[in-house]
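Okay, so here's the structure we're looking at.
Remember, predicted model here, so these are calculated numbers, not experimental data.
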Amino acid sequence: MEQEVDVHEMDHRPKGERDAYKLLYAGFMAAPIVAGIDKFTDKLGNWDKYLSDGVADKLPMQRHTFMQAVGLIEIAAGLLVAAKPKWGG
């Protein structure tokens, strides 16, 4: 009978590769979550300015409401990468 082995237990990559993966994983998880949260607080930037006037005029909602929806999608993407890196990455 063949024994099932967890992939994380048999990581034979060099330490540098493992460290690089962990750093990228943390970045791809944290960046969208931080940017998504900032769509609600506008502490890092005024995100409403990043949406062109031509696009904003065609939206069925206010510019700020649309950017908050984008923020929710970014937060969800960051959480997906955190929970299931192979799906979100």
Acceptor/donor pairs from residues 66-78 side chains to any protein atom, 3.5 angstrom cut, sequence neighbours excluded:
residue: Gln68; atom: NE2; partner: His64; partner atom: NE2; Å: 3.1
residue: Glu74; atom: OE1; partner: Gly36; partner atom: N; Å: 3.4
residue: Glu74; atom: OE1; partner: Lys39; partner atom: NZ; Å: 2.9

Side-chain donor-acceptor pairs of residues 27-35 under 3.5 Å, sequence neighbours excluded:
none

* Asked: So Leu59 and Leu51, side chain to side chain contact (heavy atoms under 4.5 Å, CB included) or not? Walk me through it.
  -> CA-CA 11 Å; Leu59 292 174; Leu51 188 62; 3.6 Å; yes
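Legend: residues meeting side-chain hydrogen bond (donor to acceptor under 3.5 Å, both in side chains) with Thr41, ordered by chain and number and at least two apart, are Asp38. In terms of the ring pair (Phe, Tyr, Trp, His ring centres under 6.0 Å) criterion, residue partners of Tyr50 (sequence neighbours excluded) are, by chain and number, Trp47.
A distance of 6.0 Å separates CG of Asp48 from CG of Asp42, quoted to the nearest 0.5 Å. Put simply, CD on Glu17 and CG on Asp19 are 10.5 Å apart, with the number rounded to the nearest 0.5 Å. If you take CD1 on Ile37 and CG on Leu44, they are separated by 10.5 Å, rounding to the nearest 0.5 Å.
Sorted by first then second residue, the side-chain hydrogen bond (donor to acceptor under 3.5 Å, both in side chains) pairs that include residues 53-63, not counting sequence neighbours, are Asp53-Arg63. Identified under the side-chain hydrogen bond (donor to acceptor under 3.5 Å, both in side chains) test for residues 26-36, with sequence neighbours left out: none.
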